[in-house]
Amino acid sequence: MRRDKIVFITLFLFVIGIFNASCEKIKTLGDSNLAAQKILLTWTASPEYPVNSAGGGYYLYIGTTSGFTEGDANLTYTLPYESGTQAPTSKIIYGLKPGIYYFKVKAYSALTGLSGSQSFSSLSSAAQFEVRGP
Amino acid sequence: MRLILSLLLLVQTGQAANLDSITDLNFLKASYLVINSDEVFNREILIFPKFNHQPERMMVHAKLGQLEFTNNEDKSFHILHVDKNVDLNEALAHLNADPEIEWAQPNFKYYASTTTPTDTQFSQLWALNNTNQTVTTGLGSGVETVYGTNNPPGAAAVGKDISATKVWDYATDCSATKIGILDTGISYTNPELSGSMWQDSNDATFGYDFVNNDSNPTDDNGHGTFVASVIGSTGNNASRMAGICWDASLMAIKVADKTGTFTTARIIAGLNFGISKGAKVFLLAAAAASGSVDYALKDAISQAGTSGALVIVPSGNNTSDVSTGNIYPCKFDLSNMLCVAGVDQNFSLVTTSNYNSSIVKIAAPGANIRGVYPYIATSSSIDFSTFNAASDYYNAVTNVTGQWSQSGTTNLMTPRNWDGSTTQYGTNRYSFVYSTAANYSAFSTISASLNLSAASFSTNRDSFTMAYSTDGTNPFTADFSSRTLYSLQASTAAATQTIDMASCISATCIFGFLLQSDNTTTGGTEFGIRVNSLTLNFTTASSITDSIVTGTSVAAAYTAGVAALVWAKSPNMTLTQLRTSVLNGNNINTLNVSVESGRVLNAWGAYTFINTVTGLRATVYE
């Protein structure tokens, strides 16, 4: 590939990047003027080594009441540890219909705890977020 | 057994999923006809179909359960989740009869192996691996005092331990967590401990001695070395002990003297020293009943928490409720403390262990614990018939009207024919008896166990005294105030006194007893005292001995070790998270009245505990 082509493509990607960044501004919860397209859910990393090593990770649950349980969750995601120093601590989701949602997180490991079954954390407290219509 | 052997063969030869190398599939198919459903994971059967098969063809077996197809090359088998109403054996037979299936087998469960270290005394360490063993004397040369209850505990107690062998599959090294041992120092050259010592990078010291105010915190008592060995005796080295940590970073902070006495000032200085050197877990194996609150110590321990350090303390050994008995520091009940009670080999509270269902947080093994002791221990029961002035049952010293006497050779009595209720010792006594000179110069320590019957004295007028001399003379012929070992000036109940006699370590040690009375008789109750027995306990420094100890200090030590082990593996844990993890022990109903958690420490439980996730946040983008 010619050098001038590389320069052109790099510049093009840079401009696209600026364009995207300017359009993707963070919307505070409760702003009813904009359509929600993307929701970033984050949490503090569990410090336990078994969570942040092979076989460990998080379950992410989304529900519509603050008191929902794992079984009541409308959406469930598994976020396993893959590599590095910790399991993923965020998840981007799309396409939720307008409404009030709650999410909760539960950490897990591959180890069998004292109870004789797989070791989990308790289900976290709920965090609320709102998806507004267009 | 046939199944197990077959499986072992597969695993050992690495052929479990390699069909080409298995020559006797018919044997394998037959061998799987006998299975124990407990050995099968989630009622799953692995189906290894023939080469180039059509996965849809397997749907004929969907009536047995739910099929999960896998098509990637690394996982050339399918999984059948067998319905609960279908017998696993029948399902296996059905599948293995299918000509399209090369072979089907259970999805067996495997468990982490348990690591058994090579340490020669490991089989005695019930706290780490309870096999219903009997903890026996004679294996070490140190002090070996066996706690008689639940030794052995019975077959049902197998596994009542802290699950050390299980956690050792994943973690044995605690050295990333510096552990401050606030005690009588550590014999840091002991071969079981030298590899687990913290060492200051600046001056290569192993800690500090706040008793003698120097940088040589070696142990002149034995207690500190023992608890340190429970935590960090080098493991799997084919020698003697194993700590819960096979490798550790033990900081020797000597704040207790050779008699095992701690002081507020020294503990505070020791805590500050440890904090400044980065200690994150402290073992403060001290307890005392006190009517007053030691606010300075409370504040110092709390400040250690501000620095992110966890302080482990014992509940104490008074057979007492910590609250009503005012046992400190346990009763401080601070958020960065864990107060620990002791249990025996059957997870029953040790009879002497203090308790409280809100202040004491957890129990841990605290009876018949074998650990490193830096001394060889010997003892000698004193024969009073050899005492001067007692050979004729009367004190023969000129101008003394004493009436010491003995019954056979078992005791000394004041007055003669002492019966504790009628014969009084009289006025103006200066009556004494004393031993012949003995050479104790080779010993490191001497302590006396003095057993006395109930005493009845004229309070503050008359006295009973034990004193010594090292110049070969009668201890009571000159001012002996600086050579007094024990003194009693009031009536008291029968008791055994433990007396430090280190000052009598010499070539000519003489010790004896004196009864003094003034010229007044008060109330006709001056019946004196009887010395039932006197045993001298000697120690000689040694680097290869061990002993058996019962006490909550040991329980606290195990707890400190588990805390250090978990924190070393998960260093980002907060103090609160670590504390919560450590408290995740075995739930024992009978302990609910003794410790808050009702639990016994468990290293595996602490290691596998996962704290609740926090910090959840949602960000909605347009």
Side-chain angles (χ1 to χ4, degrees), chain A residues 23-31 33-53 56 58-60 85-86 89-90 92-93 96 101-109 111-115 118-132, chain B residues 38 41-42 109-112 114 159-163 166-167 169-171 173 176 308 565-588 597 599-622:
Chain A
C23 291
E24 196 178 79
K25 61 186 177 184
I26 294 174
K27 173 196 167 204
T28 54
L29 293 181
D31 183 346
N33 296 321
L34 299 170
Q37 296 179 329
K38 181 170 97 174
I39 299 124
L40 172 64
L41 305 178
T42 62
W43 53 92
T44 303
S46 290
E48 291 84 1
Y49 177 79
V51 175
N52 300 301
S53 55
Y58 300 95
Y59 294 125
L60 167 66
T85 57
Q86 65 181 43
T89 57
S90 65
I92 295 173
I93 57 175
L96 287 180
Y101 293 92
Y102 301 86
F103 81 102
K104 299 182 181 182
V105 176
K106 186 164 81 171
Y108 67 89
S109 82
L111 303 178
T112 301
L114 276 185
S115 65
Q118 187 180 4
S119 178
F120 298 99
S121 70
S122 298
L123 193 61
S124 72
S125 299
Q128 178 185 324
F129 62 96
E130 182 176 8
V131 177
R132 299 273 187 174
Chain B
D38 289 339
F41 178 72
N42 203 23
K109 286 192 280 190
Y110 288 87
Y111 301 94
T114 53
K160 286 185 174 179
D161 49 48
I162 66 169
S163 299
K166 201 166 181 180
V167 82
D169 286 338
Y170 299 88
D173 185 357
L565 187 71
V566 172
W567 225 346
K569 198 72 177 177
S570 302
N572 292 328
M573 270 190 183
T574 64
L575 174 57
T576 302
Q577 288 171 324
L578 175 71
R579 197 170 177 273
T580 305
S581 296
V582 171
L583 288 174
N584 187 43
N586 274 311
N587 201 352
I588 308 294
S597 65
R599 292 173 184 265
V600 175
L601 178 76
N602 191 283
W604 181 247
Y607 181 72
T608 57
F609 184 83
I610 304 173
N611 286 272
T612 307
V613 178
T614 60
L616 276 64
R617 185 168 183 268
T619 304
V620 180
Y621 295 83
E622 62 181 275

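Every chain is numbered from 1, with letters handed out A, B, ... down the list of sequences.
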- Message: Determine whether a donor-acceptor pair (N or O, by modelled atom type, separation under 3.5 Å) exists between the side chain of A:Glu48 and the backbone of B:Asn611.
- Response: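 The answer is yes, because a donor-acceptor pair under 3.5 Å joins these two groups.
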Kindly say whether B:Thr608 contributes a backbone atom to a donor-acceptor pair with the side chain of A:Ser119 at under 3.5 angstrom?
->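 Yes: the side chain of A:Ser119 pairs with the backbone of B:Thr608.
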Tell me, for [X] versus chain B, whether the close heavy atoms (under 4.5 Å) come from the side chain, the backbone, both or neither.
X	answer
A:Ser125	backbone
A:Ile92	neither
A:Val105	both

In terms of heavy-atom pairs under 4.5 Å with chain A, which of B:Gly605, B:Ser163, B:Ser570, B:Ser581 leads?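 Going by pairs under 4.5 Å, I would pick B:Ser570.
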| request: Using a cut-off of under 4.5 Å on heavy-atom pairs, state which of B:Thr612, B:Asn572, B:Leu578, B:Asn602 scores highest against chain A. | output: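 Looking at each of B:Thr612, B:Asn572, B:Leu578, B:Asn602 in turn, B:Thr612 comes out on top.
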Heavy-atom pair of closest approach, residues [X] and [Y]:
X	Y	value
B:Val613	A:Trp43	CG1-CD1, 3.6 Å
A:Thr44	B:Gly615	OG1-CA, 3.4 Å
B:Gln577	A:Pro47	OE1-CG, 3.3 Å

Is the shortest heavy-atom distance from the side chain of A:Leu41 to the side chain of B:Leu616 under 4.5 Å?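 Heavy-atom side-chain distance check fails, nothing below 4.5 Å.
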- Message: Heavy-atom pairs under 4.5 Å with chain B - which of A:Ser90, A:Ser109, A:Ala45, A:Pro50 has more of them than the others?
- Response: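 When all of A:Ser90, A:Ser109, A:Ala45, A:Pro50 are compared, A:Pro50 has the most.
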Can you tell me how far apart [atom1] ([X]) and [atom2] ([Y]) are? Round to the nearest 0.5 Å.
X	Y	atom1	atom2	result
A:Leu114	B:Lys166	CG	NZ	7.5 Å
B:Asn584	A:Ser115	CG	OG	9.0 Å
B:Phe609	A:Ser122	CZ	OG	6.0 Å

Checklist line | Set of ring pair (Phe, Tyr, Trp, His ring centres under 6.0 Å) partners for A:Tyr101, sequence neighbours left out | finding: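 In terms of ring pair (Phe, Tyr, Trp, His ring centres under 6.0 Å), with neighbours along the sequence ignored, A:Tyr101 is linked to A:Phe129.
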Under 4.5 Å from any heavy atom of chain A, what part of B:Asn586 do you find: side chain, backbone, both or neither?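 Answer is both: backbone and side chain atoms of B:Asn586 are under 4.5 Å from chain A.
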- Task: Sequence neighbours left out, what passes side-chain contact (heavy atoms from CB on, under 4.5 Å) with B:Lys569? Give chain and number order.
- Result: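 By the side-chain contact (heavy atoms from CB on, under 4.5 Å) rule, B:Lys569 matches A:Tyr49, B:Ala171, B:Tyr607.
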